[in-house]
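Here the structure is a predicted model, which means the values were calculated and not measured.
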Amino acid sequence: MIESAASHQIKKIQKLMRNARFRRQEKLFAAEGWKMAEEALERRLVAALYLSESALPEYQRRLDAGEIIAPADGTVVEVVADKCFRDLADTVNPQGILAVIRMPQYDREQILSLPGARVLCLEDIQDPGNLGTMMRTAEGAGMSALILSKGCVDLFNPKVVRATMGALFRVPFLYCDDMSTEVENLKQRDFTVYAATLDADSDFREEEYSGRAAVLVGNEANGLSPAVSEKADKKIKIPMEGELESLNAAVSAALLMYELYRHR
């Protein structure tokens, strides 16, 4: 049993939770809670599983009842003293289970070649809750993938991971170094690209969204950069009454994704 916060395993988990560069280097991330652990175990993505002393009986019960899949051969399973686990946890009320998980990998060519593919392109989204909500909504709206610019908050930030509620394992995601170049690449693949922007003339509900479609949503404070929005095939806006200047980015993305869903 791990009883010291000075354990190299504990230190590695803490670094995975706090350091995006380390996560990318290791191709691992840490996630708390039963739901995320179950999702990762089901997909054989768990590299190591850490259980608090008090959670061990519940883990054994669920394992015996077939409620969770047993860790794959070679997966590290460790018990952690309760006090040590509380110091490790990122949540206020930890559930006593934490998984170190291998990052899912996706084939860009396969995703973007899908007939009728629908992708949400995100430029420099900064709020973890927004990104997590967008991913959950993308699953509900049947999107093919999310494409994230390098300026977005890290998808494997613990707050983002929690906000996805497991959609992180079910919605493909891709990264791009430059969203402007990505738009050009999508257009070459016969995607019609729609930029959500306040200076648009077209109501988002008036488009047909036929064939492959990509929707661009920008940073919470600044929206899409001009270099990106100008590359789009069409600019669209969400009509608003009152004195609002804009909607929350996750709300806007949800409206747009479900409009694409309506036209499928």
Heavy-atom pair of closest approach, residues [X] and [Y]:
{"X": "Leu28", "Y": "Lys12", "result": "CD1-NZ, 4.0 Å"}
{"X": "Ala196", "Y": "Leu224", "result": "O-CD1, 3.6 Å"}
{"X": "Met143", "Y": "Val119", "result": "CE-C, 3.5 Å"}
{"X": "Ala249", "Y": "Glu220", "result": "CB-CG, 4.0 Å"}
{"X": "Ala37", "Y": "Val46", "result": "O-CG2, 4.4 Å"}
{"X": "Val171", "Y": "Met135", "result": "CG2-O, 3.7 Å"}

When you measure from the side chain of [X] to the backbone N and O of [Y], does any donor-acceptor pair fall under 3.5 Å?
{"X": "Glu26", "Y": "Arg24", "result": "no"}
{"X": "Tyr258", "Y": "Gly140", "result": "yes"}
{"X": "Glu53", "Y": "Ala81", "result": "no"}
{"X": "Ser144", "Y": "Ala117", "result": "no"}

So do [Y] and [X] actually touch side chain to side chain, heavy atoms under 4.5 Å?
{"X": "Glu259", "Y": "Arg205", "answer": "yes"}
{"X": "Glu123", "Y": "Asn222", "answer": "no"}
{"X": "Met257", "Y": "Leu120", "answer": "yes"}
{"X": "Pro104", "Y": "Leu45", "answer": "yes"}
{"X": "Cys152", "Y": "Tyr175", "answer": "no"}

Rounded distance [0.5 Å steps], [atom1] in [X] versus [atom2] in [Y]:
{"X": "Leu255", "Y": "Ile238", "atom1": "CG", "atom2": "CD1", "value": "5.0 Å"}
{"X": "Asp127", "Y": "Thr133", "atom1": "CG", "atom2": "OG1", "value": "8.0 Å"}
{"X": "Ile101", "Y": "Met103", "atom1": "CD1", "atom2": "CE", "value": "10.5 Å"}
{"X": "Arg118", "Y": "Phe191", "atom1": "CZ", "atom2": "CZ", "value": "9.0 Å"}
{"X": "Thr137", "Y": "Leu146", "atom1": "OG1", "atom2": "CG", "value": "9.5 Å"}

Residues which pass salt bridge (Lys or Arg N to Asp or Glu O under 4.0 Å) with [X], listed by chain and number, not counting sequence neighbours:
{"X": "Arg43", "result": "Glu39"}
{"X": "Asp178", "result": "none"}
{"X": "Glu182", "result": "Arg108"}
{"X": "Asp124", "result": "none"}

Handout entry: Under the ring pair (Phe, Tyr, Trp, His ring centres under 6.0 Å) test, residues paired with Phe22 that sit two or more places apart
Key =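 Applying ring pair (Phe, Tyr, Trp, His ring centres under 6.0 Å) to Phe22 gives none.
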
Exercise for the section: For Met179 and Lys231, run side chain to side chain contact (heavy atoms under 4.5 Å, CB included): C-alpha distance rounded to whole Å, both residues' side-chain angles, the deciding distance at 0.1 Å, then the answer. Expected result: CA-CA 10 Å; Met179 189 58 75; Lys231 290 281 181 70; over 6 Å; no

Handout entry: Residue Asp199 excluded, over 12 heavy atoms near CG under 6.0 Å
Key =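 Enclosed: over 12 neighbouring heavy atoms sit under 6.0 Å from CG of Asp199.
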
Exercise for the section: May I ask you to check whether Tyr106 and Phe173 place their ring centers less than 6.0 Å from one another? Expected result: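 Judged by ring-centre distance (under 6.0 Å), Tyr106 and Phe173 do meet the cut-off.
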
Just list the side-chain donor-acceptor pairs under 3.5 Å for residues 57-67, sequence neighbours left out, or say none.
{"from": "Glu58", "atom 1": "OE1", "to": "Arg61", "atom 2": "NE", "distance (Å)": "3.1"}
{"from": "Glu58", "atom 1": "OE2", "to": "Arg61", "atom 2": "NH2", "distance (Å)": "3.0"}
{"from": "Glu58", "atom 1": "OE2", "to": "Arg62", "atom 2": "NE", "distance (Å)": "2.8"}
{"from": "Glu58", "atom 1": "OE2", "to": "Arg62", "atom 2": "NH2", "distance (Å)": "3.4"}
{"from": "Gln60", "atom 1": "NE2", "to": "Asp64", "atom 2": "OD1", "distance (Å)": "3.1"}
{"from": "Arg61", "atom 1": "NH1", "to": "Glu67", "atom 2": "OE2", "distance (Å)": "3.1"}
{"from": "Arg61", "atom 1": "NH2", "to": "Glu67", "atom 2": "OE1", "distance (Å)": "3.3"}
{"from": "Arg62", "atom 1": "NH1", "to": "Glu38", "atom 2": "OE2", "distance (Å)": "2.8"}

Practice task
Please test Gln126 against Asn219 for side-chain hydrogen bond (donor to acceptor under 3.5 Å, both in side chains), starting from the C-alpha separation and ending with a verdict.
Solution key: CA-CA 7 Å; Gln126 293 297 297; Asn219 174 266; 5.6 Å; no

Exercise for the section: With sequence neighbours excluded, give me every ring pair (Phe, Tyr, Trp, His ring centres under 6.0 Å) pair touching residues 206-234. Expected result: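 Applying ring pair (Phe, Tyr, Trp, His ring centres under 6.0 Å) to every pair that reaches into residues 206-234, excluding sequence neighbours, yields Tyr194-Tyr209, Tyr209-His263.
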
Exercise for the section: If a pair satisfies salt bridge (Lys or Arg N to Asp or Glu O under 4.0 Å) and one of its residues is in residues 68-86, list it, with sequence neighbours excluded. Expected result: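 Residue pairs passing salt bridge (Lys or Arg N to Asp or Glu O under 4.0 Å), neighbours aside: Lys83-Asp87.
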
Handout entry: Pairs satisfying salt bridge (Lys or Arg N to Asp or Glu O under 4.0 Å), at least one member in residues 146-155, at least two apart
Key =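 Of all non-adjacent pairs touching residues 146-155, those that pass salt bridge (Lys or Arg N to Asp or Glu O under 4.0 Å) are Arg23-Asp154.
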
Practice task
Can you sort out the partners of Glu206 under side chain to side chain contact (heavy atoms under 4.5 Å, CB included), two or more places apart, ordered by chain and number?
Solution key: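 With neighbours one apart ignored, the set is Ser202, Asp203.
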
Problem - Ala200: side chain to side chain contact (heavy atoms under 4.5 Å, CB included) partners, not counting sequence neighbours - result: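 Here the qualifying residues are Thr197, Lys235, Lys237.
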
Exercise for the section: Decide side chain to side chain contact (heavy atoms under 4.5 Å, CB included) for Leu256 and Ile236; before the verdict, give the C-alpha distance in whole Å, the side-chain angles of both, and the deciding distance to 0.1 Å. Expected result: CA-CA 10 Å; Leu256 296 166; Ile236 54 176; 3.7 Å; yes

Exercise for the section: Would you please test Thr192 and Arg212 for side chain to side chain contact (heavy atoms under 4.5 Å, CB included) and show each step? Expected result: CA-CA 6 Å; Thr192 302; Arg212 294 190 180 111; over 6 Å; no

Could you pull out every donor-acceptor pair under 3.5 Å between side chains of residues 156-167 and any protein atom, sequence neighbours left out?
{"from": "Asn157", "atom 1": "OD1", "to": "Lys159", "atom 2": "N", "distance (Å)": "2.8"}
{"from": "Arg162", "atom 1": "NH1", "to": "Asp90", "atom 2": "OD2", "distance (Å)": "3.0"}
{"from": "Arg162", "atom 1": "NH2", "to": "Asp90", "atom 2": "OD2", "distance (Å)": "3.4"}
{"from": "Thr164", "atom 1": "OG1", "to": "Val161", "atom 2": "O", "distance (Å)": "2.8"}

Exercise for the section: I would like to know whether Val100 and Ile13 meet side chain to side chain contact (heavy atoms under 4.5 Å, CB included); could you show each step before the answer? Expected result: CA-CA 7 Å; Val100 173; Ile13 294 169; 4.0 Å; yes

